[in-house]
Each structure stands twice: as C-alpha cells, then as structure tokens.
Amino acid sequence: MREYRLSVADKGWSWVVMAGSFGAHMIAGSFQCAVGVIHNAILERFNEDVGKTSWASSVYLGMLSVIGVLASALINLYSCRVTMFIGAFLMTTGFVICALVPSLDLFIIFFGGLGGIGTGLTYAASVVILGFNFRQNRNIACGIAVSGAGVGTLVLTPVIEAAREEYGNSGFFFIIAGIAFHQAFFGFLFFPSELESEQKESRHRNTISKHKHAVVNNVLHSIAILKNIPMLCICISMFFACAGVYLMYVLFPNYVIQMGSSSLDASFLLSVSGVFDCIGRFLTGIVAHDENIDELVIYFGSFGVLGLSTLLFPLYGSTYGGQLAYAVFLGLYSGSCYSVINTLIVQLVGLKELATGFGACLFFCGVGSLLGPPAAGSCITTAAVLGLAVAYCKKPEEAFAANNPEIPTVSKTVTTE
C-alpha cells in the first residue's frame with residue numbers, strides 16, 4: 001500500500017488545503033446568502049404564506065449549524081476528508097429532489113433537512129481542517145479561507161438568480177445541485193495532516209472511537225464541553241448572532257423588493273454584501289495575526305457594530321441608498337467572527353477538542369437560525385392580517401361619514417369643557 005507523507009503545519013500542502021477550504025466556503029457562503037433568492041422562488045412556486053415558506057430557509061440554515069455536533073463526531077471518528085465526501089453527496093441529492101417535489105412540506109424536508117445536513121457537514125469540515133494544518137499562521141489562513149464565503153456571495157449568488165430566471169423556480173435547483181457537487185472535489189484536497197493524525201491517534205488510545213456507541217459518546221462529549229464557562233458564553237453569543245444575521249439574509253431581499261426594487265436589484269445588494277464580507281473576513285484575519293490584539297475584542301466588537309447598524313436600520317432603510325449601506329454593514333461584520341473562531345476555541349479547550357468545540361458552536365448557531373426567520377415571518381403575517389382587519393373596520397366608518405357629513409363620527413368629535 002502506498003504511504004502518503006503527512007503535511008506539516010504552516011508548510012507545503014497546508015496551503016493547498018487552505019485553497020480547498022476557500023473553495024468550500026465559496027459554495028457554502030453563496031448558499032447561505034442565496035436563501036433570500038430561494039425564499040422568493042418558493043413563495044411564487046408554492047404560493048404559501050411568508051411564515052410557512054420561511055421554514056424552508058430556516059430549517060436549512062438551522063440544520064447547517066445544528067448538525068455541527070454530528071459533523072464533529074464524524075471528523076473525530078474518520079477525517080475531515082471523509083466528512084466532506086458524505087456532505088457533498090447529501091447536498092447534491094437533496095437539491096436534485098427539490099427540483100421535483102410537488103409540495104412545500106416535502107421541499108422543507110429535502111431542502112432544509114437533507115440539503116442542510118450536507119451543507120453543515122462540508123462547512124464544519126472546511127473550517128476544522130484549517131486548525132489541523134496551521135499553528136503560527138492560523139488566523140491569516142482562516143481569514144483567507146473564510147473570505148471565500150464573500151467571494152461566493154459575489155460570484156455565485158447572481159448566477160443562482162440568473163439560473164432561476166432562465167430555468168424557472170424548479171429547474172434552477174439542478175444548477176444548485178451541480179454547484180454543490182464541487183464540494184467533493186475540494187474535499188479531495190483535504191489529506192490528513194500530522195496534527196489531525198495525532199489527534200485521531202490520541203482518541204484511539206482513549207478508546208473513544210473504538211466503542212460501538214462512538215457517535216453517541218462524541219455527542220455527549222460535546223455537551224460536556226459546555227462546562228467550560230467561557231466556551232459556553234461563546235456558544236450563547238453565536239445563538240443570538242445567528243438568529244439575527246440569518247433572519248436578515250432571508251428577509252432582506254424580499255424587503256428590498258417590497259420597497260419598489262427589482263429582484264436583480266435585491267440580488268445586487270447581496271453581491272455587495274458578499275464583497276464586503278470577503279474584505280471583512282480577510283482583514284480580520286490579518287489584524288488578528290497581531291499578538292497585541294485580542295481575538296475576543298474582535299469577535300464581540302464586530303457583532304456589536306452589526307447589532308447597532310441593524311437597530312438603526314428603520315431610520316435609514318427606506319431608500320435604496322440606505323439598503324446599500326446596510327448591505328455593506330451586513331457584509332463587513334456578519335462573518336468576521338469566523339476568522340478568529342478556530343483560535344478562540346483552541347485557546348479555550350485546546351487543539352484536541354477543536355472539532356468538538358466548533359461543533360458545539362455550530363449547534364447553538366443552528367438553533368438561533370432555526371428560530372429567527374420563522375418568528376419574523378410569523379410577525380409579518382400577523383401584522384399583515386391586523387392591517388387588513390383595521391382597514392376593513394375603517395371602511396364602513398369612512399363610508400358612513402361620506403354619506404352623512406352632518407353627523408360627526410367618534411374620530412371627529414372633540415369634547416371641550
């Protein structure tokens with residue numbers, strides 16, 4: 001049997017792995033940002049209300065992250081490379097079926113469930129593999145690799161929108177499936193490194209991966225790691241951040257269209273967000289490489305700026321210029337945390353628990369993204385119903401006032417003492 005030479009951290013094949021991770025992030029990032037485009041497509045295709053339709057994107061984004069616990073178990077048991085292959089197969093299969101299903105309920109199962117699980121496996125593997133291939137240059141490598149999500153948003157999101165216009169709300173899922181299958185190629189580049197092999201051998205010595213209930217044990221271990229209070233705080237912050245960020249990515253394009261812009265204009269804003277996402281992640285990785293800068297300050301500071309810009313959005317988001325400004329903020333600060341998350345986890349729980357810690361973070365992120373968009377969609381539907389009810393109740397009063405101008409209505413009566 002031919003023996004492969006294991007790559008050394010920060011040298012040689014490690015940079016090829018970084019390039020593969022960059023490509024994997026391109027695909028995963030474009031799909032995460034294209035959920036708004038997909039949301040609009042299935043609104044037209046199945047003609048259901050916004051609240052129910054939002055479940056498709058929400059389940060997809062939720063499963064993408066919730067599955068992180070299972071992804072970490074597969075990485076610990078096998079390797080990042082095998083996990084990438086499994087994820088690519090599930091993604092491609094799920095998206096092909098989405099082009100054929102006749103109902104929204106089935107669409108939610110195969111897009112949100114199967115497609116989300118596959119995307120989550122590839123995403124987790126493409127992040128964890130960086131921690132196994134870099135030590136001194138980990139922040140720089142992560143910054144470059146995760147900036148692929150911004151490039152994917154810039155390049156692939158308009159392609160997905162164009163495919164929708166060309167092949168319809170069903171046929172363009174074949175194009176999405178073809179894009180997803182490229183994850184298998186990027187996974188092929190993820191040969192095990194010395195650090196990954198050492199980590200795997202250490203787990204074998206502890207008999208974790210030999211036990212017949214190994215996956216269950218890994219999941220329980222992910223729960224046990226939350227006894228580390230700083231790690232728990234990071235996970236909780238990911239819950240709230242992802243609930244808000246993915247809510248905006250799902251509903252922002254539809255809001256832009258409702259304010260009078262075209263679907264291509266909305267897609268352009270996502271592309272702008274992708275450009276600045278790429279810039280933000282790359283610059284964050286460069287800045288975090290400085291030993292005098294604390295990764296925790298970068299992590300929480302970026303979310304703080306994004307939260308403030310979102311809080312003020314009603315004051316400036318009614319015009320296309322304001323929407324463009326928010327797209328810049330959303331891109332710059334929504335993904336910066338991923339440039340430093342590897343280093344933070346290693347600092348808190350050690351390299352041996354990198355996959356487990358990242359899986360726990362993704363789980364909390366997934367729960368947040370699962371709950372955020374449907375909650376907002378339900379609020380929109382409820383507000384629309386209440387608005388119609390108020391308008392309906394107001395019309396008889398207006399009609400009565402018009403026909404009987406000599407009789408004052410309650411709203412026109414002013415009592416003075």
Side-chain angles (χ1 to χ4, degrees), residues 22-48 53-54 56-61 63-64 87-104 106-119 122-123 148-186 246 249-257 261-275 277-278 327 331 373:
F22 178 91
H25 275 87
M26 279 187 63
I27 295 175
S30 67
F31 287 173
Q32 290 178 53
C33 294
V35 291
V37 175
I38 295 171
H39 175 78
N40 292 336
I42 58 178
L43 268 176
E44 296 179 4
R45 179 175 165 186
F46 299 112
N47 197 28
E48 298 276 3
T53 304
S54 296
S57 298
S58 181
V59 171
Y60 173 79
L61 294 172
M63 292 304 296
L64 185 158
F89 173 76
L90 293 178
M91 287 174 69
T92 305
T93 303
F95 295 149
V96 167
I97 296 175
C98 285
L100 307 173
V101 293
S103 68
L104 178 59
L106 290 174
F107 184 91
I108 292 173
I109 293 173
F110 288 104
F111 177 75
L114 196 60
I117 291 173
T119 307
T122 59
Y123 178 68
V151 176
T153 303
L154 172 65
V155 175
L156 295 179
T157 300
V159 170
I160 293 173
E161 176 62 42
R164 177 194 169 194
E165 295 187 356
E166 180 68 23
Y167 300 105
N169 292 329
S170 296
F172 84 120
F173 279 98
F174 289 116
I175 305 299
I176 295 177
I179 296 173
F181 189 70
H182 284 74
Q183 293 286 45
F185 167 74
F186 295 124
Y246 287 130
Y249 272 120
V250 170
L251 300 180
F252 184 52
N254 190 53
Y255 171 81
V256 173
I257 294 172
S261 299
S262 67
S263 59
L264 285 177
D265 290 334
S267 180
F268 173 74
L269 290 182
L270 291 180
S271 296
V272 170
S273 179
V275 172
D277 182 66
C278 177

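The analysis underlying the following values was restricted to heavy atoms, covering all of them including side chains, and did not include hydrogens, waters or symmetry mates.
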Does a side-chain heavy-atom distance below 4.5 Å link [X] with [Y]?
X	Y	value
T122	F186	no
H39	P253	no
I176	I160	yes
N40	R164	yes
S262	D265	yes

Specify the closest pair of heavy atoms between [X] and [Y], including all atoms of both residues, with the distance to one decimal.
X	Y	value
L64	Y123	CD2-CD2, 4.2 Å
C278	V151	SG-CG2, 3.5 Å
A327	L269	CB-O, 3.6 Å
M91	G118	CG-C, 3.3 Å

Keeping [X] on the side-chain end and [Y] on the backbone end, is there a donor-acceptor pair under 3.5 Å?
X	Y	answer
T92	A88	yes
S30	I27	yes
S57	S54	no

Parallel, tilted or perpendicular for F95 and F111, by the 30°/60° rule? tilted
Going from [atom1] on [X] to [atom2] on [Y], what distance comes out if it is rounded to the nearest 0.5 angstrom?
X	Y	atom1	atom2	answer
I117	T93	CD1	OG1	12.0 Å
L104	I109	CG	CD1	10.0 Å
F31	T119	CZ	OG1	6.5 Å
N169	L43	CG	CG	9.5 Å
L156	E161	CG	CD	13.5 Å
Q183	H25	CD	NE2	9.5 Å

For the pair F173 and F110, evaluate ring pair (Phe, Tyr, Trp, His ring centres under 6.0 Å) and give the outcome as yes or no after the intermediate values. CA-CA 12 Å; F173 279 98; F110 288 104; over 10 Å; no
More than 12 heavy atoms from other groups under 6.0 Å of CZ on F268: no
Surrounding CZ of F181 (heavy atoms of other residues, nucleotides or ligands, distance under 6.0 Å), is the total greater than 12?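 No, not enclosed.
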Taking it one step at a time, do L100 and F174 satisfy side-chain contact (heavy atoms from CB on, under 4.5 Å)? CA-CA 10 Å; L100 307 173; F174 289 116; 4.0 Å; yes
Show your working on side-chain contact (heavy atoms from CB on, under 4.5 Å) between T53 and F46 and close with a plain yes or no. CA-CA 9 Å; T53 304; F46 299 112; over 6 Å; no
